[in-house]
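Quantities reported herein were computed from a predicted structural model and do not represent experimental measurements. FYI, side chains are in, hydrogens and waters are out, and symmetry mates aren't considered; it's all heavy atoms of this structure.
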Amino acid sequence: MRNEIKVSDLFSFIEIYKPLLLGVPYPCYLLDLEGSIVFSNEAVQELTGYKRHEDYQRNFVSVLAEEEIDRSIEHINTVLKGKSTGFQTKLRHRNGNRLLVNILSIPIEVDGEILGICGYITESINDKHQTPQSIPSSWDNIFTGIEICLWSLEANTMTTLSISPVCQAVFGYSEEDFLKQHHLWEQLILPIDKKGALKHMEVVRNGNSSLHEYRIVTKNGDHKWVSDFIVPIFSDYTQEPVRIDRIVVDITKRKKAEEKLTYLAYHDTLTGLPNRRKLDHELHKALIEAKEKEKLVGILFLDLNRFKYINDSLGHKMGDKVLQAIAERLKGSLRHDDLISRQGGDEFVILLKNMTMRADLEEAALRINSIITEPIRLLGNEYVLSASIGMSIFPDHGIEAEGLIQKADHAMYLAKGSGGGIRSYEAGMSKSHSRKLLLEQYLHKAIEKNELYLDYQPIVDVYGKQVIGLEALLRWNHPVLGAIPPGEFIQIAEESDLIIKLGNWVLETACRQRKQWIEMNLPPFYVSINVPARQINLGSFLEIVKANLEKFQLPSNLLKIEITERTAMTNVQSTLNTIKELQDIGVDIILDDFGVGYSSISYLVQYPFNTIKIDKSFIEGLDKKNQRSVCRTLVAMGRNLGMNVVAEGVEEIEQYQYLCSIGCHNMQGYYFSRPAGVERIESFFTSEQQGMQGKFQ
């Protein structure tokens, strides 16, 4: 990880100073920690013949004469230890000719970390006593219109040798001011940043380059952020720098943008309160401090009762105003050290730090509950709200941040289930009768917390001995409650609007994964998803399917929709229209759980299904004669209607053999594979069909 950060910073360095580096009037290049060329200017191309863009990432030793490689590697290693040094070597021109050159290598050091090497090339000369010149005056022309301040100082006395006109725009002081006042720069540094800035200058005077950001006070009193890249320049006959070159850039706009982004990253845009990320950060700090000082930390998890009715009856804009009013009230009720965070929707979490008594938490909860019940006046009307508040406390209810929030959250939902009020967490709450309510509330957050995932179960063609499709199956693993059975949480979702949200997530996730498998050149199997009645009857469902196919550039024949008989018989005409429209764009429909609604089979001739799945309940009882007869009838019925038939729930070899005997050659079940994750599933599509060997008789 540390190396990744260095690489990232090196490329940030290049982006900031690219205008300068491109304009340097002599060959200049940058190497990363591996010795690869990550930047070079036009002067390098003119000298060596290597094209800048085509030859990025070429290793430096690849442009050297063979006999120079070992010595050059030793040179690079020396520089990467923090020592600026020069040496003479031979470069291979792109046309094969050899060039004798002098190279000065300076380590690029940012905040004490060496990121790479900055190299300067000059033609080889015999005069070993030549001293380096200050920044050429021609640079002023190069940087006309670019706000980069170029500045050369004498290394020992720190007197200014030359300074570009742009520096006045940065500092407010003229070239003459800097020439007369040798220590003017130090006086301009904001006092709080002075120690760090002077420390970096000392690093440079010791022979290392440095990049530092700090604040200054300009001549007219404005505060600015500047980036200061400082490079020591050596003569050929001394190990100490004789000159210091500086590149100063006004980065105030960038810093303000970063501050704004940081604020947005840690605050809720509607209320201005800290968000979940900020709460997590502050809670971890509070727990560390509480352990050291033997203090208590309290959590209040708050939810507004019946807030949905305000949104539904008055509209979301009015609902937002109510949330803003509540946020202002809560902010005014806290101590200086406490923090209130909006978690989303109408949920808030209050962090109470450095408490000395447990009664303080309950007292705070009562005070906040009272504040919330005070009428809110908006547009001449008064609205009265109430809250459900859950409490947890460190160390009584746990020592980890996530666990404390979860327990306060749990207590809040129990309070909500009892009609509101305040409730403290108690051991054993997770086993209470309120599990259904608890799961419904947690399910609202499951997508954004990345708790949902898809497993896939193969559908096989036993005659062709291959996997022809995968059924995507939704799974939920809660960080506290563990794996939640699909039959439990899907039923809860179907009783609310959550089923639409979950269905859309499954559709998008399955399409994204199938696209990835296309890019892996796996065979053209399809992926099927289960769609409930409420989702398929949405007027927007067809457009949502089209949008996902287009987004992932997925051929429509690789996606299939599974619906149950109950869904097919719900709102028949609307469902039939949607099925036909889906088939018009190439998305096939599979009738799932076929046979369960046997009394409705007469309706099936109306539906243009391509595939039916015989419900696993018929496969489980194949040891009984009557059940075998029913299964044989269902297979025959499907085939007579011109449909493909898939038998679900195949677990035993006897079931497999009987289904083959009655002409059912598409099967799905544990006999072939349990639902599995992506990596396991991918093994079924290798040339050896790993995991399927011995399954086909």
Side-chain angles (χ1 to χ4, degrees), residues 457-473 510 524-533 536 541-542 545 555-622 627-650 655-656 658-669 671-672:
Q457 187 171 36
I459 301 162
V460 302
D461 175 0
V462 298
Y463 290 178
K465 297 183 179 180
Q466 61 182 340
V467 176
I468 58 172
L470 299 172
E471 181 181 357
L473 299 165
F525 58 87
Y526 65 83
V527 171
S528 65
I529 62 170
N530 295 279
V531 176
I536 201 168
F541 180 66
L542 178 66
V545 172
S556 56
N557 66 303
L558 298 184
L559 175 69
K560 294 185 187 294
I561 303 294
E562 296 196 22
I563 64 173
T564 63
E565 285 191 49
R566 187 181 65 177
T567 298
M569 297 307 119
T570 303
N571 201 347
V572 174
Q573 193 56 51
S574 174
T575 304
L576 182 57
N577 291 339
T578 301
I579 289 174
K580 289 179 177 178
E581 289 172 335
L582 286 167
Q583 289 186 328
D584 286 342
I585 65 171
V587 177
D588 283 343
I589 309 299
I590 297 174
L591 179 63
D592 196 14
D593 300 340
F594 180 61
V596 175
Y598 201 86
S599 61
S600 300
I601 288 178
S602 59
Y603 287 97
L604 297 184
V605 293
Q606 303 178 47
Y607 289 85
F609 294 116
N610 296 96
T611 304
I612 58 174
K613 280 188 172 183
I614 298 176
D615 186 71
K616 62 182 180 180
S617 61
F618 295 100
I619 309 302
E620 291 170 353
L622 285 181
Q627 198 79 327
R628 288 199 299 271
S629 298
V630 172
C631 187
R632 183 169 55 247
T633 301
L634 293 175
V635 171
M637 185 181 299
R639 295 180 64 183
N640 290 336
L641 290 171
M643 301 174 183
N644 297 314
V645 179
V646 177
E648 288 188 290
V650 180
Q655 296 169 343
Y656 163 80
Y658 178 75
L659 290 166
C660 287
S661 72
I662 62 174
C664 180
H665 58 88
N666 291 337
M667 303 181 197
Q668 176 181 356
Y671 176 74
F672 301 98

Between Tyr656 and Phe672, what is the ring plane arrangement, given parallel below 30°, perpendicular above 60°, and tilted in between? perpendicular
Euclidean distance, Arg639 CZ relative to Leu634 CG, rounded to 0.5 Å: 13.5 Å
Heavy-atom check, side chain of Val630 versus side chain of Phe618, under 4.5 Å: yes
Sole residue of Asp593, Asp592, Ile579 in side-chain contact (heavy atoms from CB on, under 4.5 Å) with Ile563: Ile579
Residues passing the side-chain hydrogen bond (donor to acceptor under 3.5 Å, both in side chains) test with Thr564, sequence neighbours excluded, are Thr567
For Val650 against Met667, the heavy-atom pair lying closest together: CG2-CB, 4.0 Å
Please examine the side chains of Leu582 and Asp584, heavy atoms only from C-beta on, and report whether any two atoms are closer than 4.5 Å. no
Of the non-hydrogen atoms in Cys631 and Ile619, which two are nearest, and what is the gap between them? SG-CD1, 4.0 Å
Restricting to side-chain hydrogen bond (donor to acceptor under 3.5 Å, both in side chains), what partner residues turn up for Tyr658, sequence neighbours left out? Arg632
Could you please spell out the steps behind the side-chain contact (heavy atoms from CB on, under 4.5 Å) verdict for Leu470 and Gln457? CA-CA 5 Å; Leu470 299 172; Gln457 187 171 36; over 6 Å; no
What pair of heavy atoms forms the shortest contact from Ile585 to Ser556, and how long is it? O-OG, 2.8 Å
With sequence neighbours left out, what residues match Asn530 under side-chain hydrogen bond (donor to acceptor under 3.5 Å, both in side chains)? Glu471
Taking side-chain hydrogen bond (donor to acceptor under 3.5 Å, both in side chains) as the test, write out the residues that go with Asn610, two or more places apart. Gln583
Calculate, to the nearest 0.5 Å, the distance between atoms CG and CD belonging to Leu576 and Glu581 respectively. 10.0 Å
Measure across Ala510 and Val527 and return the closest heavy-atom pair with its distance rounded to 0.1 Å. CB-CG1, 4.1 Å
So how far is it from Leu558 CG to Ser528 OG, rounded to the nearest 0.5 Å? 12.0 Å
Got Lys580 and Thr578 here, is their nearest side-chain heavy-atom distance under 4.5 Å? no
Rounding to 0.5 Å, atoms CD1 (Ile662) and SG (Cys664) come to a distance of 6.0 Å
For Asn644, which residues count as a side-chain contact (heavy atoms from CB on, under 4.5 Å) partner, sequence neighbours excluded? Thr611, Asn666
Who passes ring-ring contact (aromatic ring centres under 6.0 Å, His included) against Phe525, sequence neighbours left out? Trp517, Phe685
How many angstroms lie between CD1 in Ile589 and CD1 in Ile612, if you round to the nearest 0.5 Å? 14.5 Å
Is there a side-chain contact between Val587 and Tyr526 in this structure, where contact means two heavy atoms from C-beta onward sitting under 4.5 Å apart? no
Working to the nearest 0.5 angstrom, can you tell me the gap between Ile614 CD1 and Met637 CE? 10.0 Å
Please list, chain by chain and in numerical order, all residues satisfying salt bridge (charged side-chain N to carboxylate O under 4.0 Å, His left out) with Lys616, sequence neighbours excluded. none
Heavy atoms of Ile529 and Ala472 approach each other most closely as CG2-CB, 4.1 Å
Closest contact, heavy atoms only, Asp615 versus Ser617: OD2-OG, 2.6 Å
Are Lys613 and Ile590 packed together at the side-chain level, in the sense that at least one heavy-atom pair is separated by less than 4.5 angstrom? yes
